[in-house]
Amino acid sequence: MTDSGHPFKFSVDLAVVESLGINLYSNAAAVLSELVANAWDADANEVRVTWNETGDEIIIEDDGTGMTRGELNSRYLLVAYKKRDTEGSRSPVHDRPFMGRKGIGKLSVFSLAGDVTVLSAKDGEKNGFRIRVSDLKDRIARKEAYHPVVVPVPDDFPTRGTRIILNDLNRKRTGVSVTALRRRIARRFDVLGYRPGDPARFTILVEGKPVTFDDREDLKRLEYIWELGTSELNSQQTPSVKRRWVMADNVVDPAQDWKIEGWFGTVRTPQDLNDSQDARESLRNIIILARKRPIQEGILDQLDFNKIFGNYVTGQIRAEFLDIDGTDDIATSDRQRLIEDDARVKLLIKRLREMFNEAAQQWSDERPKQKFKELTDKYPAIQEWVDSRPGHQRDAARKVIGTVAALQLTNESQRPALYRSSVLAFERLALESTLDDLEQFASGISAEELLPILATAKTYEDALYVQILRSRLDAIEKFEDLMTTDDLEKVLQNHLFENMWLLDPSWEGATGDVEMERSLRRIRRESGLFDVNEEIEQRQGRIDIRYRSAAGVHMIVELKRYGRTVSLAELKEQGEKYHEALSEVLRRQNEPTRNINVVFVIGPEPTISYLGDRNADDYIADQLGHIGGRILHYDNLLATAERRYKEYRDRSQDSTRLSELLRVLDGQLGTESPTSDGGNSDHGAGIDEPSAAMTD
């Protein structure tokens, strides 16, 4: 017997119990991890957890070696008992590496229960005691020793093993379901691979049912997985994995042969890292194991990994070099964190960061491909649209749609709208940009960059793309019919000014200015720039004159009759008057007088008095250069327009296919397609209504 006839006694300052037990552990899984680790160290083949989530009692019982009264005092009740210093580094029966090291894990039970009973049997002895936490706290406050109460051991208690009974439970910490508890334990111990008949087996049972890989909900949810060193998880354990990689170079420090093993992987959506059975535990972390148990609950935040990849990742990694006998203990008291400034931890974090960067790139490349396949299974029209692209565009189209498919969205109902915008943006780029631009858009774009690009795209024009395509085909054909019909001058005039892109593709967004044209007429009268004969000539020889502006350029555009022949001298004289009039207007408006263009649209080539050995084009450019003058020909306009938009003609079937695709996506949006509103296509192209003419 010990002090004053009491059979048991704590031999440590009892204030340690409060700081290392009652207040240290915050979740049931961490506490049970300590008790399961004790069973492992005791060479148990089974540890049974009775977790009645609606009751007031939890029982943890193992069939290990058990403890005598002396061992209960010198080992279990001795806080900070150094197991490895006394008993060696491995268990005597199954040669297991001891999980325990600090000797304070047994205190964790006080964070869950106010009443703890311990029963143990070994070598023919059966002993039991009970600890009331309220009494323990009272003795701590009074600086007195605490003696657990002796309790009888039932006659039917096994001849070896230990049973711990927890009562007066802390509901905040034990209020998890049996399913959630099984999942927590399954993630925290690397002992699920033992075969049932193995003499050295270690089985954890919760409510009589073994914890197995079936409880590894994190493995079931994985979409992609990276295994370190070698492959150890099979397809039955990871049924949803689409692709796996093995990172053969798993060395952390070649000089000391330090390696990491295990795996990390990504799930389909970040929400898959939440457990509906366990609101308190997120799967979004990487558990670090040593000696088959956690040495750090999560290391992800220490990797300074800000990529989207980090929102999808979970894992379990073994790093045995973190807990080698004879080295410093670098785990914190609750074994949920590592001492960050230790050299081993720094090496681990450095290597993991490198692996994560490599995996993130593989994930970014592979995931859009997989999502594209899933998408086209759901929407065959998208696959048909991609297949209809010219050969050099298909990969780019697939990449763009795959990127949208892989985007993380808070509202999944927005995705069809993003598909729609992406298809239309791609179509516009394919027509208006070079192949290099298209490849850069598809290959250089990341998920983070795609949304702002779509948000700032010319969405209104994109939404009316099909109408624009068809209206331009009609415009070219109508232009061809009208330009040879002099008695339809006004129709031709309106047609060209409403479709400025026929004059120059860069003028698609050119706009008129009614006030500017009124000012030009006023300046013309005030200055006498145009005499009566010129007024008559305008009515007889010119169709009309308009002012337009585009991208900071001021333009005077005059349309001559298609069949009328004019001289270069006439065009130069008239152009100088237009330039002078427009310059005066800009000066009165306090605007710079640069960037003025004067454009004449004529039929036959202008007559030139004498060229000598000069080239006609160079001579014309020289004569009109000082006023920003240009001459365009109706025939050339038509030929250029036909070449420019030949692809529109060739792709009339594509437009039908695109219309069908947009109809499908609009059906998913639950709204009528903007392409079916019958709106004005010219407005969709950014073309304003023609303003008043300069002439009276």
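Index from 1, following the sequence. None of the values given here were measured: they were computed from a predicted structure.
- Not a single salt bridge (Lys or Arg N to Asp or Glu O under 4.0 Å) links D123 to another residue, sequence neighbours left out.
- When all heavy atoms of T162 and S120 are compared, the closest pair comes out as OG1-OG, 2.9 Å.
- Taking the ring pair (Phe, Tyr, Trp, His ring centres under 6.0 Å) definition, one finds that W40 meets it with F202, sequence neighbours left out.
- Annotation: salt bridge (Lys or Arg N to Asp or Glu O under 4.0 Å) contacts of E358 (sequence neighbours excluded): none.
- Checked against side-chain hydrogen bond (donor to acceptor under 3.5 Å, both in side chains), R160 has no partners two or more places apart in sequence or in another chain.
- Remark: the backbone N or O of D272 is paired with a side-chain donor or acceptor of R221 at under 3.5 angstrom.
- A donor-acceptor pair under 3.5 Å links the side-chain atoms of R90 to the main chain of D95, judged by distance alone.
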Would Y312 and Y224 satisfy side chain to side chain contact (heavy atoms under 4.5 Å, CB included), going step by step from the backbone distance to the final call? CA-CA 10 Å; Y312 292 75; Y224 301 102; over 6 Å; no
Side chain to side chain contact (heavy atoms under 4.5 Å, CB included), that's the test. Do Q316 and R216 meet it? Break it down for me. CA-CA 11 Å; Q316 185 186 72; R216 291 299 302 267; 3.4 Å; yes
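- For the pair V151 and R130, the tightest heavy-atom approach, listed with the atom from each and the gap, is CG1-CB, 3.7 Å.
- Inter-residue side-chain proximity for T314 and W263 is flagged as met; some heavy-atom pair is nearer than 4.5 Å.
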Output, in order, the C-alpha distance, side-chain angles, deciding distance and verdict of side chain to side chain contact (heavy atoms under 4.5 Å, CB included) for E223 and V267. CA-CA 5 Å; E223 187 175 39; V267 293; 5.8 Å; no
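- Of all non-hydrogen atoms in A200 and H94, the two that sit nearest each other are CA-ND1, 3.6 Å.
- Distance CD1/I295 to CD1/I287: 13.0 Å, rounded to 0.5 Å.
- Side-chain contact check for L352 versus I260: some heavy-atom pair is nearer than 4.5 Å.
- Across A39 and D62, no two heavy atoms sit closer than the pair CB-CB, 3.6 Å.
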Apply side chain to side chain contact (heavy atoms under 4.5 Å, CB included) to F129 and L77, showing your working. CA-CA 11 Å; F129 60 81; L77 292 175; 3.7 Å; yes
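- Counting only heavy atoms from C-beta outward, the side chains of I131 and V109 never approach each other to under 4.5 Å.
- A donor-acceptor pair under 3.5 Å links the side-chain atoms of R182 to the main chain of V206, judged by distance alone.
- In terms of modelled atom types and a separation under 3.5 Å, the side chain of N73 and the main chain of P7 share a donor-acceptor contact.
- In this structure, E207 has no side-chain hydrogen bond (donor to acceptor under 3.5 Å, both in side chains) partners at least two apart in sequence or on a different chain.
- Judged by distance alone, the side chains of D365 and Q361 do bring a donor and an acceptor atom under 3.5 Å apart.
- Closest approach of V246 and G229 over heavy atoms only: CG1-O, 3.6 Å.
- Qualifying salt bridge (Lys or Arg N to Asp or Glu O under 4.0 Å) partners for D377, counting only residues two or more places apart in sequence or in other chains: K373.
- In plain terms, the two heavy atoms of L348 and A319 that are nearest each other are CD1-CB, 4.5 Å.
- Residues passing the salt bridge (Lys or Arg N to Asp or Glu O under 4.0 Å) test with E320, sequence neighbours excluded: none.
- Within a 6.0 Å sphere centred on NZ of K220, heavy atoms belonging to other residues, nucleotides or ligands number more than 12.
- The side-chain hydrogen bond (donor to acceptor under 3.5 Å, both in side chains) analysis of residues 236-248, with sequence neighbours excluded, yields the pairs E227-R244, T238-R244, R243-E366.
- Side chain of D218 to backbone of G315: no donor-acceptor contact under 3.5 angstrom is found.
- Here L192 contributes atom CG and I204 contributes atom CD1; the two are 6.5 Å apart, rounded to the nearest 0.5 Å.
- Expressed to the nearest 0.5 Å, how far CD of Q296 lies from CG of L322 amounts to 9.0 Å.
- How far NZ of K83 is from CG of D41: 4.5 Å, rounded to the nearest 0.5 Å.
- Using a 4.5 Å cut-off on side-chain heavy atoms (C-beta onward), K371 and R268 make contact.
- In summary, of the residues considered (R69, M67, E71), a side chain to side chain contact (heavy atoms under 4.5 Å, CB included) with K122 occurs for E71 alone.
- Considering only residues two or more places apart in sequence or on other chains, F157 meets the ring pair (Phe, Tyr, Trp, His ring centres under 6.0 Å) condition with none of them.
- Note on E34 versus R293: salt bridge recorded, some NZ/NE/NH1/NH2 to OD/OE distance being below 4.0 Å.
- Here the side chain of R163 pairs no donor or acceptor atom with the backbone of E61 at under 3.5 angstrom.
- Remark: E261 pairs with N250, R318 by the side-chain contact (heavy atoms from CB on, under 4.5 Å) rule, at least two apart or across chains.
- Proximity of V116 to P148: side-chain heavy atoms (C-beta onward) are nowhere separated by under 4.5 Å.
- Here the side chain of R201 pairs no donor or acceptor atom with the backbone of E46 at under 3.5 angstrom.
- With values rounded to the nearest 0.5 angstrom, D342 atom CG is found 9.0 Å from L347 atom CG.
- Note on ring orientation: taking the six-membered ring where Trp is involved, the planes of F321 and W258 are parallel (angle under 30°, cut-offs 30° and 60°).
- S91 and D43 are linked by a side-chain donor-acceptor pair at a separation below 3.5 angstrom, with hydrogens and angles left out of the test.
- Remark: aromatic rings of F356 and F264 are close, center separation under 6.0 Å.
- Of the N and O atoms on the side chains of T86 and R75, not one donor lies less than 3.5 Å from an acceptor on the other residue.
- Between N167 atom CG and E57 atom CD the span is 4.5 Å, to the nearest 0.5 Å.
- Between the side chain of R353 and the backbone N or O of L303 there is at least one donor-acceptor pair closer than 3.5 Å.
- Looking at residues two or more places apart in sequence or on another chain, you find no side-chain hydrogen bond (donor to acceptor under 3.5 Å, both in side chains) involving S33.
- At a threshold of 4.5 Å between non-hydrogen side-chain atoms, the residues D249 and V251 count as touching.
- For D155, the side-chain hydrogen bond (donor to acceptor under 3.5 Å, both in side chains) criterion is met by no residue, not counting sequence neighbours.
- Counting heavy atoms from C-beta on, the side chains of N357 and F309 never come closer than 4.5 Å.
- The backbone N or O of K369 lies less than 3.5 Å from no partner atom in the side chain of R398, so there is not a single donor-acceptor pair.
- Judged by distance alone, with hydrogens and angles left aside, the side-chain atoms of R142 form no donor-acceptor pair with the main-chain N or O of D138 at under 3.5 Å.
- At a threshold of 4.5 Å between non-hydrogen side-chain atoms, the residues V149 and R132 do not count as touching.
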